[in-house]
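Notes follow once the structure below has been shown.
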2 protein chains.
Amino acid sequence: MKSKAVFYHAGCPVCVSAEEAVAAAIDRNKYDLEVVHFGNARDRIGEAEKLGVKSVPALVLDGGVFHINFGASMADVKGS
Amino acid sequence: MKSKAVFYHAGCPVCVSAEEAVAAAIDRNKYDLEVVHFGNARDRIGEAEKLGVKSVPALVLDGGVFHINFGASMADVKGS
């Protein structure tokens, strides 16, 4: 069974470059990858915060949060 | 031909968790992954700085630098 990977982002330039490089480099034989854009899925913000996402872009692998560079804080995401 | 991925770290706890999750999730059919531990390879510090690595752990994919969470600054790495 595959593990779960979720890439959270908000469409910022840093997010897009991370999606194109880091998310694209994830081994899809090991991980089911879901890409969540908060602009289209504001109802997922609470879930991300509960997981510990503090800024975007962020990659969650098996529940572990990895913030990649810095695009925007979750406060910015909520305010936008 | 595979692309090149380099994971730079310094053995810090944040580095280890990123190595175990993010570096391990990289698709090895797409990327040749090299793991560089500055504690064992201080001669690679200059190369990393030239690439734009500001902190560790950092993942460099095709020359693009992605800092993951924050383990230690390069100043800390050089001072240690």
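Note on naming: letters A, B, ... go to the chains in the order of the sequence lines (proteins, then strands), and numbering restarts at 1 for each one.
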Heavy-atom proximity to chain A below 4.5 Å, by part of [X]:
X      : result
L61(B) : side chain
S17(B) : both
Y31(B) : side chain
V65(B) : backbone

Check your understanding: Roughly how far, to the nearest 0.5 Å, is CD1 of I26(A) from CD1 of I26(B)?
Key -> 5.5 Å

Review point. Minimum heavy-atom separation for F66(A) to A18(B), with atom names?
Key: CE2-CA, 3.6 Å

Check your understanding: Counting only heavy atoms not in K2(B), do more than 12 fall under 6.0 Å of its NZ?
Key -> yes

Does one hydrophobic cluster hold both [X] and [Y], with members joined at side-chain heavy-atom distances below 4.5 Å?
X      : Y      : result
L59(A) : L51(A) : no
V35(B) : I68(A) : yes
M74(A) : V60(A) : yes
V36(A) : L33(A) : no

